[in-house]
Amino acid sequence: MHPMGWDAFGLPAENAAMEQKVHPREWTYENIAAMKAQLKLLGLSLDWTREFATCDPDYYHQQQKLFLDFLQAGLVERKTAMVNWDPVDHTVLANEQVIDGRGWRSGALVEKRELSQWFLKITAYAEELLRAIDGLDKWPEKVRLMQRNWIGRSEGLRFSFELENEAGTAVDEPLMVYTTRHDTIFGATFCAISPDHPLALRLAKDDPALAEFRRECAALGTSEEAIERAEKKGYKLAFYARHPFRAGVRLPVYVANFVLMSYGEGAIFGCPGHDQRDLDFARAYGLDVIPVVAPRDADPAGFEVGTDAFLDTEGADVAMINSDFLDGLSVEEAKSEIARRMEAAGTGERTVNYRLRDWGISRQRYWGCPIPMIHCEVCGTVPVPKSDLPVLLPDDATFDRPGNPLDHHPTWKHVNCPECGRPATRETDTMDTFVDSSWYFARFCSPRAADVVDRDAVEAWLPVDQYIGGVEHAVLHLLYSRFFSRAMKQVGYGDIEEPFAGLFTQGMITHETYRAGDGRWLFPDEVDRQADGSVTERATGEAVDVGSAEKMSKSRKNVVSPEGILETYGVDAARWFMLSDTPPERDSEWTEAGVEGAWRLIQRLWRLVHQVAALAPPAGTAKPDSFGTEADTLRRAVHRALNSVTQDIERLRFNVAVAHIYEAVNSLSAAVPDGNGGIAADLAWALREAGEIIVRISAPMVPHLAESCWRALGHDTLLARQDWPQAEPELLIESTITIPVQVNGKRRDEVTIARDAAPSDVEAAVLELEAVRRAIGDKPVRKVIVVPQRIVNVVA
RNA sequence: GCGGACGUGGCGGAACCGGUAGACGCAAGGGACUUAAAAUCCCUCGGGCCUUGUCCCGUGCGGGUUCGACUCCCGCCGUCCGCACCA
C-alpha cells in the first residue's frame, strides 16, 4: 500500500487568507489540486483511492472522537502553564517548535506567557517511548539517539532541606531539590531556586529588588541566550538551608537565573567542585569550593579545583574525599549510601526525571481541528457529547485582525451546556497540526471507516514497513506518532505500539544560488554558464556571484520549475537524475548538466533497444543449448548487474543501482555488432535477454521509457506486471578468476587461476611469476598469505 | 559546552567482513564523422619524474595494530547536524 494524502491544516492557509483575502479552505483545496496534478505527472504508483486531507470534516471528526477517548482515559489535561508565545503568529508553540529561541515557522523571538492550555500527557509514556527505541532496529541510529536525548531520562534523588532564617530559627517550610549527584552532598556550599519557583514568587511580593531581579531573568529568558548564557546571576535570600549531614553548617539560598522551574523541583543544591555552572556561580559570588571527588591516587589535602569543575567520574578511578562517612567510596557507592540514609530518614526518595514535557496542543487559530470542549460557568469544562460531533469550523470567519477568528466570531462559540442546558461557550482553541499528522497512517488503513479506525485493518496493515521523511521530523512528528499509536492502543483502536517499523530519512534537492553585482537574486534560467565556467546574467552579460547549493527557496530564487523540466526532458530524465548521483539520505544538487546526462542515457537506451529488436529473435524464442564466448561474456555481465541492482534497490542504494545499470548498458552496447553482416543465433538470443533485463531493472527509475522499450522488444503486455527477473546463479560464478599478487603488501602482478584452486597451487603459481621473483630478489620467502579468491601476499 | 556524523580526483560519488583505491556518472582535453555545427562514436583523464617504469607518492594531519588499513585503535585539525544552563 502506498497511499497519499494532505497534511492541510495550519498557518500558511490562514496567512494566505489574511494576505490575499481568500478563504483558507478554498486556498487549501486549490493547492491540493495543483500538487496532485504535479504528483500524477511523476508517474508514482500511488493508491489515490485512500486519499484524504486532514482538513476534511470527516477526518477531523474522527480526530475529535479520539481526543474525547484520550480525555476519558486520562491522557488529556488542562492546566496553566508557562508557554512559548509567538508574537507574530499569535499562537502557542511547543518546546520542540522553538528553535534558537525563535518560532519554527515565523522566526519571531518567542516570549514566555502563562496561559490555560490543553495538554496531551506524553510523559505518561516517557519510559515506554524510551525503552522501545531499542527495538527500532530499522531506524537510523542518529534518529534513535536524538529521541533518547530528547526524552532525557535521569535517575536521581529528591530530598528536602530544612530552612532557617538569619537568626537561626527554623522556618516551617522545607526546600525540595532534585539532584543526580547526591554523592557530592558534602561539597554543597549553596542552594539555588528558579526565578519562577513558588517561594521566589511569594517573596517577590514584599521585595521590590527581588521582583526586579525576576523581571530581568524573564527578559533574558529565551532571547540572546547564546550571549547571556555565560553570565550566572543570583539574588541572595534571607534564608539558609541546613546541611543534612553536617550539623551546624548552613548554606546560603539564592534565586538564580540558571535554575529552570520546569525541570525537577525548580531548586538545587550547588556543588561548585563538580558542576561547571555551580562553579561559575560560586566564583562570581565568592562562595566556598569543596572538592569531594578526586582521582584515587591524588592527595586529598592537596586536591584543588581551579576554573574547571572536576567531572571525570565515568570510567576513571576516583574516590570520595572530604565527605565524612563517604570517604574512600566510589561515586556509585556514595550515591547509594546517601539515598539509603535519606530514604531511611524519610527526607528523600530516589526518583526518575525526564527532560520530555507534556505536549501542549492548544493553538489560538482558525485553520485547525476544533477542540471539542465547552466551558460552562456551572458545570465547568465539559466534553461535547460524541453524538454532537463533529464540531465544524464556521465558514464565515473573518481574518482581518490579529488573534483567533473563532474567538471573534459573533455566534460560533455560543452554545448551551450539554449537561445543564444553560448558555455556555465553546473552547475556541484548535489543535496543533502535529496532532493531525500523528495518526493519519492509521486512518489510511481504513480511510472511509465510520469509526476512528477499523481495528482489523489497522492490525492487518500496520506498522508501516518503510516510512520515508526528512530528519527534521526526528523528534517532533516521529515521537508524537509513537505516543499516539500507544495511546490509541490504550483506548482500544488496535494492538499497534510502534507505528513505523522501518525509517529512512531522505535528503533534499538543492540548487546553487546566483546573485547579481547589485545584490539581486537571480533564477537559474536568468543566467548563462560560459565555456570557461564563469556565470553571467543573461539580460546584462554581467558576471554573477555563484553561491553554494542550498535548499531551494523562493526568496533566494534557487528553484527550478517542475513543469519546465518535464516539458524539456520528460519525467523519466528527472527521475533518473534525482536517483543517479547522490545517496538518497544526502542532499542532492540539481544541475542542468546532470539532467542532460540523464536525458542522454534515455536516448541511448532507446536507440540500443531498437538495435537489439532489429537483430534479436522474436520474444519467447527458446534459449539455445549453449553460448559462444561473446554471448557468454554479455550474459555474465548482465546477470551480474541484475544481481547487484536487485540488492541495491532493496538497500535503497539507488545511486549504486544506477551505476550498475550503466555497466549493463555499456556491456550490451559493446556486444551489439556494428557491421550489417550476419549474427550468430546464440548472440542474438543473448542480446534480447540483455535488452529485456536492462529494461526491466531500469523500470523503477524510468517507468515510461521502460514500457515503450518493452513494446519495442515485441511485447504487448505491461512491463510493470512482469515478474522481477532472477539472475542465473551459474552466471555469477567465474570458473577462472584474476586476483592481485602483492609482495610485502605492494601490488606487483596478478594471477589468473581456477576459482577453486588449492592455496598450495596458488602459492606455487605466484612464486613462478617473473615480477614476483624480481620483487623478492635474494631475500628468503618468509610466508605466503593466500586469501582464496581475493588476494595473495608474499612476505619476504 | 555536551552528544553524534562525516572528511576519497576538477565535481557527485564507488570500494561487501581489513584484501587491486577512484566503479559509474558529470565536467575537461584530444580524435573520428560533417562543408560546418548539433547529435553520435573512439581515446585520455589523482599527483610526480627531461629516470615514462615490472617506478615512486597518494583516501584531512600525526602516530599505532597488521603480511596487508579509505576501512580497526589513539591523538589532532576541519566541516556538518542535534541539544542548549535538564542539576
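We name chains A, B, ... by the order of the sequence lines, and we start the count at 1 in each one. Quick caveat, the model's predicted, so the values are computed rather than measured.
A/Val259 comes within 4.0 angstrom of a base, heavy atoms only. A/Leu145 comes within 4.0 angstrom of sugar-phosphate atoms only, judged by non-hydrogen atoms across all strands, and of no base. Within 4.0 Å (heavy atoms only), A/Arg607 reaches sugar-phosphate atoms of the nucleic acid but no base atom. A/Tyr178 comes within 4.0 angstrom of a base, heavy atoms only. At the heavy-atom level, A/Asn666 lies under 4.0 Å from the strands shown only through sugar-phosphate atoms. Contacts of A/Asn655 with the nucleic acid, taken as non-hydrogen atoms under 4.0 Å apart, involve only primed sugar atoms and P, OP1 or OP2.
Pairing for B/G58 is absent, with no Watson-Crick or G-U wobble pair whose two atom distances lie under 3.5 Å. In a base pair of the Watson-Crick type (N1 to N3 plus N6-O4 or O6-N4) or a G-U wobble (N1-O2 and O6-N3), with each distance short of 3.5 Å, B/A15 is matched with no nucleotide. Shown here, B/A27 forms no base pair; nothing in the strands shown gives a Watson-Crick or G-U wobble contact with both key distances under 3.5 Å. A 3.5 Å limit on both hydrogen-bonding distances identifies B/U79 as the Watson-Crick or G-U partner of B/A5. B/C72 and B/G64 make up a base pair, with Watson-Crick or G-U wobble contacts both under 3.5 Å. Across all strands shown, the partner of B/U40 is B/A32, judged by Watson-Crick or G-U wobble contacts whose two distances both fall under 3.5 Å.
Out of B/U20, B/A14, B/C85, the shortest distance to the side chain of A/Arg653 is found at B/A14. Which of B/A23, B/U20, B/A27 sits closest to the side chain of A/Arg600 comes down to B/A27. The listed nucleotides are B/A87, B/C24, B/G19; the one nearest the side chain of A/Ala659 is B/C24. For A/Asn793, whose side chain is taken as the heavy atoms from C-beta onward, the closest listed nucleotide among B/A87, B/U20, B/C67 is B/C67. For A/Leu260, the side-chain atoms get nearest to B/C85 when compared with the rest of B/U40, B/G4, B/C85. For A/Val787, counting side-chain heavy atoms from C-beta on, the closest listed nucleotide (B/U40, B/G19, B/C55) is B/G19. Of the candidate nucleotides B/A87, B/U20, B/C83, B/A87 has the atom nearest to the side chain of A/Ser154. Side-chain proximity of A/Glu750 to the nucleotides B/C85, B/U20, B/C83 is greatest for B/U20. Side-chain atoms of A/Phe258 lie closest to B/C85 of the nucleotides B/A84, B/C85, B/G3.
In B/C73 the O4'-C1'-N dihedral to the base is more than 90° from 0, which defines an anti nucleotide.
In this structure, the side chain of A/His274 engages the main chain of A/Phe310 through a donor-acceptor pair within 3.5 Å. Side chain of A/Arg355 to main chain of A/Trp150: a donor-acceptor pair is present (N/O by atom type, distance under 3.5 Å, no hydrogens or angles).
Not counting sequence neighbours, A/Phe654 has no partner by the ring pair (Phe, Tyr, Trp, His ring centres under 6.0 Å) test. Not counting sequence neighbours, the partners of A/Tyr254 by the ring pair (Phe, Tyr, Trp, His ring centres under 6.0 Å) test are A/Phe281, A/Tyr285.
Annotation: B/G78 and B/U20 have their P atoms spaced 33 Å apart (nearest Å). Rounded to whole Å, the separation between the C1' atoms of B/A23 and B/G1 comes to 43 Å. Distance check on atom P: B/U59 versus B/C11 gives 16 Å, rounded to whole Å. Across B/C70 and B/C17, the matching C1' atoms stand 15 Å from one another, rounded to whole Å. Nucleotides B/C77 and B/G63 place their C1' atoms 15 Å apart, quoted to the nearest Å.
For an aromatic pair to be called close, the ring centres must be under 6.0 Å apart, and A/His243 with A/Phe161 fails this. Ring to ring, A/Phe577 and A/Trp590 are close: their centroids are under 6.0 angstrom apart.
Remark: A/Arg748 is in phosphate contact with B/C55, judged by side-chain N or O atoms under 4.0 Å from OP1 or OP2. Between B/A84 and A/Arg355, a contact under 4.0 Å exists linking OP1 or OP2 to a side-chain N or O. For A/Tyr263 and B/A87, the shortest distance from a side-chain N or O to OP1 or OP2 is below 4.0 Å. OP1 and OP2 of B/A87 both lie 4.0 Å or more from every side-chain N or O belonging to A/Arg158. For the pair A/Arg790 and B/C67, the criterion of a side-chain N or O lying under 4.0 Å from OP1 or OP2 is not met. Listed pair A/Asn149 / B/A84 fails the phosphate criterion, with no side-chain N or O lying under 4.0 Å from OP1 or OP2. Side-chain nitrogen and oxygen atoms of A/Lys746 include none within less than 4.0 Å of the OP1 or OP2 phosphate oxygen of B/G58.
Sequence order on RNA chain B of the closest nucleotides to A/Ala771 and A/Gln742 puts A/Gln742 first from the 5' end. Residues A/Glu770 and A/Pro740 each lie close to RNA chain B; by heavy-atom proximity, the contact nearer the 5' end of the strand is made by A/Pro740.
Contacts with RNA chain B (heavy atom under 4.0 Å) in residues 573-596 of chain A: A/Asp581, A/Thr582, A/Pro583, A/Arg586, A/Ala593, listed by number.
For B/C86, the base has a donor-acceptor partner in the side chain of A/Arg357 [N/O atoms by modelled type, under 3.5 angstrom].
A straight line from CG of A/Asp275 to P of B/C85 spans 13 Å, rounded to a whole angstrom. Rounded to a whole Å, the NE2 atom of A/His197 is 17 Å from the P atom of B/C86.
Side-chain contact between A/Val741 and A/Leu769: present, with at least one pair of heavy atoms (C-beta onward) separated by less than 4.5 Å.
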